[in-house]
Amino acid sequence: MADKMEVDAVNGEKEAETVGPAPDLPPERVIINNFGLIRQAVNAFDSRFTLRALRSTSTLRKSDNFAEAILQGIRTAFPKPNIGPRKVLEDMLPDSVKSAQHQQNGVASGGKEKDGGDDQQLPEIWAYLGVLVQVYLYDAKEYEDGASFSTNFVEKIRSWNRRTLDPIGAKAYFYYSLFHEQLLPLPPSKQSPVIEIRPKLLAALRSAVLRKDNDTQAAVTVLLLRNYISTADITQADLLVAQTQFPNNATNNQVCRYLYYLGRIRAIQLSYTQAHEHLESATRKSPTNGPAVGFYQQATKLLIVVELLMGDIPDRSLFRQPSLETALYPYFKLVQAVRVGDLQAFLKCVGVNEGQFRKDGTYTLILRLRQNVIKTGVRMLSLSYSRISLRDICTRLSIPSEESAEYITAKAIRDGVIEASLDHANGHLVTTPQRDAYSTTEPSEAFHARISALLGMRDECVMSMRYPMDKHKQEIQEAAKARERERELAKEIVEGEGDVGDDDDGGFEGM
Amino acid sequence: MAENEVKQIISQLEAIKPAQLSQAPQLLSRGKLALLHLNALVPTAQTQTPHLLLACHLLEQGALVSIRLGDTDAFTRYFQQLQPFYSLPPERLGNQVPARTGNQSKVTGLYLLLLLSGGDYAGFHTVLEGLETTRGKEQIEQDQFIQYPVRLEQALMEGSYDKVWSETDKKRVPSEEFEKFSEILINTIRSEIASCSERAYPSLPISNAKNLLFLDSEGAVIQFAQARGWIAKDGRIYFPQQEEELAAAERDVMSSTGVVIENTLGYARKLETIV
């Protein structure tokens, strides 16, 4: 499950290479540099700087001395030893790191006191360090400590109510929920601690909406959905979606997750068309390589199953992508079985890969495919024979009785799967010849669907363009200046004209 | 005192005879009042284990009785009330799991069947998904009360209506409460078959239609055919709907001109904004 949540990580890495600090900086420098970014964010009231600071987390957590780096970060931000905020954070780090660090710090601290010495540190910087501590605890598998620390931590963040704190707060909630997921008993059980954090998440959602805090709102909505789905409370998840509005300007990663969970809910509720729509956008928006590939794989698996349930067959090229090939192998076999309508192969495939499907949470959906396999089988037979007896259908599709076969084909005809009619007296299925598709409205419908998809994409692109804040004000100022100059020029000309009037026109002729 | 009253009511309910069924609702409301006195109608952290068991038992009886009375709304209410009890950890219920799950799966199975007979497939799958994840596959697959609606759903979706027909047979139904739904299910499949036949057969001999629709006599077939607006003549049934649909399809192409014009205008407008 954890890999699904890692969508963030990949963007972080990409950005770190291009805009972030050079990758070979020691981690403690990176953290301290990030303080600068966060200060800038608070002063300029622009969350992009905070996001940039948070992005380096994924590279930081991989370094060997992550704990030491955090500790140094804490000590730089809070130079005085015994104040509250510093103690809270330091207590979470292992003792061995602290004692080792102490001696080093004793020597070097003289120089540090001057640049960081500010008793009233920004809450954002404290919260940023808090998130780093959460990441550290999670990587060190200290779930119990992490859960209790996070509980107090998110409470504190909520009490501040600062808009510049939002992106950090969203992260804090993310780890808060992640810690609780790891506590025993694990989620599918009804006594899992994830159920206990629901009221808190709902409260967080409420205050986020009231404060127009989009980051936290998006993050918490996604966490709640994940939470409900983990204990299979689909109805509650559905109600949550119906009662809340997902913020339009949420970050891409949150949108991906939201769409994925939404697709999942809709798939369980049998609205495959909607599920397909959501999952398709989720897979398109999600990063396709790096650490987030797990999410991409997961979403694609679900998408394949939903597509099959809709009666479509996914493209062969999908299974050839290098990042998906091995992960999708069982699904590839499944698609093969459904494509030819081979019920035996389908049952065998489900039997062999049951464990994998169950792990992916697609097992119950795959069981529903049975009827699609039969439908495809009927379709194949109807396409290849202009007339076939019901008995033959029975043997080819391994259906137990002719009566069943008759009902099944009748249903296929009604559902529009095949164009045929039944001859009850002789027990035949007679295929009616294909009508010319171009005499129907179908081509124009397909045309329209494609055009509207493209137009929609263009609109989204236009809407997602970002303009620097206050740029237009500058332009207005410049325009005003230009007008001023023009006026002056005009005045000069008028004044000049007076002079010119006295002279003869000879001057102009020269020009 | 209230505890004894509940116990008494439960034993009365268990021994109730079909003729006295109409008295059951009064008994149940008395029982629920008594449970309220014990603070056990809704499980809380303070409720004692024996009281929880009593409440669970009474509500289950209530659910079963409502099914026998054919009161599906009341049944749904009881089912919802039972949910918090079912999600309690086993040790809170004194580890009497076998005694508990017997009725639990019966009530859940009935609820699934209710959803199925109402055509609420989305609800059906939602409940089933929850069961699979919380209770594990093995338990579900061995549970005859739950497997019954699952089998029915599969057959319905596949279109093997003869399987549904044989499943509703008295001998194959897991318990008498499940029989209540048989009639609704048969009506459902009959109308399904009818709508399939309209499209699948050009015409159908009446004697064959009798078998197809699981009707008892040819007279019943003719009655059914008239109700659906079919024409019966010369011992065969003809489906006028087919011709109507063909005509409708013809008209469809004609009426789509408006849509085409609208779409083209839309493209033009969009192009204008882009270029």
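Labels below follow one simple rule: chain letters A, B, ... track the order of the sequence lines, proteins then strands, and each chain is numbered from 1.
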Contact winner vs chain A - B:I193, B:T273, B:L212, B:V260, heavy-atom pairs under 4.5 Å =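 Highest number of pairs under 4.5 Å: B:L212.
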Quick one: which of [options] has the most heavy-atom pairs under 4.5 Å with chain B, could you say?
options                        : result
A:I374, A:I418, A:L455, A:D423 : A:L455
A:A410, A:A425, A:S271, A:A405 : A:A410
A:E445, A:Q371, A:E403, A:Q269 : A:Q371
A:L365, A:I399, A:D238, A:L270 : A:L270

Applying side-chain contact (heavy atoms from CB on, under 4.5 Å), name anything that partners A:K375, two or more places apart in sequence or on another chain.
->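 Per chain and number, A:K375 pairs via side-chain contact (heavy atoms from CB on, under 4.5 Å) with A:D415, A:V417.
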Using the test side-chain contact (heavy atoms from CB on, under 4.5 Å), find all partners of A:Y385 that sit at least two apart in sequence or belong to another chain.
->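 So A:Y385 forms a side-chain contact (heavy atoms from CB on, under 4.5 Å) with A:L381, A:I388, A:R396.
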Nearest 0.5 angstrom please: [X] [atom1] to [Y] [atom2], how far?
X      : Y      : atom1 : atom2 : answer
B:Y201 : A:E406 : OH    : CD    : 3.0 Å
B:E129 : A:I268 : CD    : CD1   : 4.0 Å
B:N263 : A:S444 : CG    : OG    : 7.5 Å
B:N208 : A:H424 : CG    : NE2   : 3.5 Å

Please tell me if the side chains of B:K163 and A:P400 come closer than 4.5 Å, counting only heavy atoms from C-beta onward.
->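 Contact flag for B:K163/A:P400 side chains = yes.
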For residues B:C196 and A:I413, determine if any side-chain heavy atom of one lies less than 4.5 Å from a side-chain heavy atom of the other.
->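 No, too far: nothing below the 4.5 Å cut-off.
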Does A:R379 CZ have over 12 foreign heavy atoms under 6.0 Å away?
->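 Not more than 12 within 6.0 Å, no.
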Any chance CZ of A:R391 has more than 12 other-residue heavy atoms, nucleotides or ligands included, within less than 6.0 Å?
->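 No - once you tally the heavy atoms of other residues, nucleotides and ligands closer than 6.0 Å, there are 12 at most.
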Please, which pairs that meet salt bridge (charged side-chain N to carboxylate O under 4.0 Å, His left out) have at least one residue in residues 262-275 of chain B, sequence neighbours excluded?
->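 The answer is A:D459-B:K270.
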Chain B contact via A:I451 - side chain, backbone, both or neither, heavy atoms under 4.5 Å |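 For A:I451, the contact with chain B is made by the side chain alone.
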In terms of heavy-atom proximity below 4.5 Å to chain B, should A:S401 be classed as side chain, backbone, both, or neither?
->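 A:S401 touches chain B through side-chain heavy atoms alone.
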Chain A heavy atoms under 4.5 Å from B:I274: which part of the residue, side chain, backbone, both or neither?
->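 When you check distances to chain A, atoms from both the backbone and side chain of B:I274 fall under 4.5 Å.
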Is it true that B:E198 and A:R414 have a side-chain N and a carboxylate O under 4.0 angstrom from each other?
->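 Looking at B:E198 and A:R414, the cut-off is not met.
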For chain A, which residues from residues 152-159 of chain B lie under 4.5 Å away (heavy-atom distances)?
->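 Residues of residues 152-159 of chain B touching chain A at under 4.5 Å: B:Q154, B:L156, B:M157, B:E158, B:G159.
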Knowing that exactly one of A:D233, A:I265, A:I234 qualifies, which makes a side chain to side chain contact (heavy atoms under 4.5 Å, CB included) with B:T126?
->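 Filter result, single survivor: A:I234.
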Determine the interplanar angle of the A:F447 and B:Y267 rings, folded into 0 to 90°, and report it as parallel if under 30°, tilted if 30 to 60°, perpendicular if over 60°.
->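 Perpendicular.
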Nearest heavy-atom neighbours spanning A:Y407 and B:N211 =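 Smallest interatomic distance, heavy atoms only, reads OH-O, 3.9 Å.
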